[in-house]
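Just so you know, these numbers use all the heavy atoms, side chains as well, and skip hydrogens, waters and symmetry mates. Because the structure is predicted, anything quoted here is derived from the model rather than measured.
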Amino acid sequence: MLVHVEAVEAAGQGPSGVVWVRARSQIGTVVVLWKGEPADMGHQHHVEWTIHEDIAWQVNTWPASTAAPGLSNERDQITFRGQLDLTEDGAAFLNIGEAAILFDLADPAPPQDADATWVDVRVARDSVTLWPYHL
C-alpha cells in the first residue's frame with residue numbers, strides 16, 4: 001500500500017524510540033508507530049502493516065456496515081475495514097485496498113460464513129507498526 005508519511009510532533013516518541021507518524025492513504029488516515037528512518041518522513045512509501053493483536057470475532061472484529069476498504073483512528077484505536085480471507089491453518093488475511101494484513105485467530109474465531117465478507121477490525125493504536133519497503 002502506498003502512503004504519505006508525516007511526523008506527528010505532539011505524539012512524541014513511542015516505545016523503544018519508535019516515532020509516531022500520520023499515514024495518509026487513499027482509504028484513510030491513521031496515526032501509527034513508524035519503523036522506517038526518521039529522514040523518510042514527509043514522503044510517500046510502499047508499506048507493510050504489522051498488527052500485534054489477533055482477530056477475535058465479536059470482540060475486536062465485526063461485520064462491516066460498508067463494503068469498502070477503510071482506515072480510521074478513534075482515540076487510541078485504529079479500525080481497519082476490509083474483506084476477510086480465512087485460511088485453513090487458523091489464520092486470516094484482511095484485504096484492505098492494495099494491502100493484505102496477516103492476522104492470527106483468537107477465540108472466538110470468525111465463523112466459516114464470515115469468509116470473504118467485509119469486516120471492521122479494531123485494535124489498539126500502539127499494537128500497529130508501519131514498515132517501509134522498496135519495490
Side-chain angles (χ1 to χ4, degrees):
M1 174 181 288
L2 186 63
V3 300
H4 187 269
V5 178
E6 305 167 354
V8 178
E9 298 294 329
Q13 298 285 319
S16 304
V18 176
V19 177
W20 290 101
V21 298
R22 181 172 289 108
R24 297 182 187 275
S25 74
Q26 291 182 342
I27 61 172
T29 300
V30 293
V31 175
V32 296
L33 292 172
W34 177 242
K35 290 292 197 167
E37 295 295 324
D40 289 340
M41 288 184 273
H43 303 284
Q44 285 190 333
H45 298 280
H46 290 277
V47 296
E48 179 179 316
W49 300 86
T50 301
I51 302 171
H52 301 284
E53 286 192 37
D54 298 340
I55 285 181
W57 192 247
Q58 302 292 328
V59 176
N60 69 350
T61 305
W62 301 269
S65 59
T66 306
L71 289 171
S72 62
N73 266 114
E74 196 171 311
R75 286 172 269 159
D76 62 345
Q77 294 185 320
I78 295 176
T79 300
F80 294 85
R81 180 179 304 122
Q83 278 190 291
L84 189 63
D85 180 8
L86 300 173
T87 67
E88 292 181 12
D89 61 352
F93 287 96
L94 185 67
N95 298 305
I96 59 167
E98 302 169 353
I101 302 171
L102 177 64
F103 283 91
D104 287 325
L105 300 179
D107 285 328
Q112 277 306 120
D113 64 356
D115 190 37
T117 63
W118 288 91
V119 297
D120 287 330
V121 179
R122 186 174 300 145
V123 297
R125 182 175 71 175
D126 61 1
S127 72
V128 180
T129 54
L130 200 58
W131 298 79
Y133 67 88
H134 300 282
L135 294 176

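No single ILVMFWY cluster, assembled from side-chain heavy atoms under 4.5 Å apart, contains both Phe93 and Ile51. Residues Val19 and Val5 share a single hydrophobic cluster, defined by chaining ILVMFWY side chains whose heavy atoms lie under 4.5 Å apart. Hydrophobic clustering, with ILVMFWY side chains joined whenever heavy atoms are under 4.5 angstrom apart, keeps Trp118 apart from Ile101. Taken together through direct or relayed side-chain contacts under 4.5 Å among Ile, Leu, Val, Met, Phe, Trp and Tyr, Leu33 and Val31 form part of one hydrophobic cluster. Transitive grouping of hydrophobic side chains (ILVMFWY, heavy atoms separated by less than 4.5 Å) brings Val123 and Leu105 into a common cluster.
The shortest side-chain heavy-atom distance between Trp57 and Asp107 does not fall under the 4.5 Å cut-off. The shortest distance between side-chain heavy atoms of Phe80 and Val128 falls below 4.5 Å. Contact check for Asp115 versus Asp113: no side-chain heavy atoms found under the 4.5 Å cut-off. The closest side-chain heavy-atom distance from Val21 to Val32 is below 4.5 Å. Looking at heavy atoms from C-beta onward, Leu71 lies in side-chain contact with Ile96 at the 4.5 angstrom threshold. Proximity of Val121 to Thr79: side-chain heavy atoms (C-beta onward) are nowhere separated by under 4.5 Å.
Across Leu102 and Ala91, no two heavy atoms sit closer than the pair CD1-CB, 4.1 Å. Nearest heavy atom pair, residue Val59 against residue Pro108, reads CG2-CD, 4.0 Å. For Met1 against Tyr133, the heavy-atom pair with the smallest separation is N-OH, 4.1 Å. Among all heavy-atom pairs drawn from Pro110 and Ile55, the shortest one is CG-CG2, 3.8 Å. When every heavy atom of Asn60 is checked against every heavy atom of Asp54, the shortest pair comes out as ND2-O, 2.9 Å. Considering every non-hydrogen atom in both Gly97 and Pro69, the closest pair reads N-CB, 3.5 Å.
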Please step through salt bridge (charged side-chain N to carboxylate O under 4.0 Å, His left out) for the pair Arg81 and Asp120, ending with a clear verdict.
-> CA-CA 4 Å; Arg81 180 179 304 122; Asp120 287 330; 2.9 Å; yes
Applying side-chain contact (heavy atoms from CB on, under 4.5 Å), run through Gln112 and Leu86 and close with a yes or a no.
-> CA-CA 8 Å; Gln112 277 306 120; Leu86 300 173; 4.0 Å; yes
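Formation of a donor-acceptor pair under 3.5 Å by the Asp40 side chain with backbone atoms of Gly36 is not found in this model. Without hydrogens or angle criteria, Thr66 side chain to Ala68 main chain gives no donor-acceptor distance under 3.5 Å. Gln77 places no side-chain N or O within 3.5 Å of a backbone atom of Ala124 that could act as its donor or acceptor partner.
Two rings, from His45 and Trp34, have their centers less than 6.0 Å apart.
A side-chain donor-acceptor contact under 3.5 Å links Thr50 and Trp131.
Atom CZ of Arg24 is separated from atom OG1 of Thr29 by 5.0 Å, given to the nearest 0.5 angstrom. Rounded to the nearest 0.5 angstrom, Arg22 CZ and Leu130 CG are separated by 13.5 Å. For the atom pair NE2 (His52) and CG (Asp126), the distance works out to 10.0 Å, reported to the nearest 0.5 Å. Note that CG of Leu2 is 4.5 Å distant from CD of Gln44, once rounded to the nearest 0.5 Å. Expressed to the nearest 0.5 Å, how far CG of Leu94 lies from CH2 of Trp49 amounts to 11.5 Å. With rounding to the nearest 0.5 angstrom, the CG atom of Asp85 is 12.5 Å from the CZ atom of Phe103.
More than 12 heavy atoms of other residues, nucleotides or ligands sit less than 6.0 Å from atom CD of Gln58.
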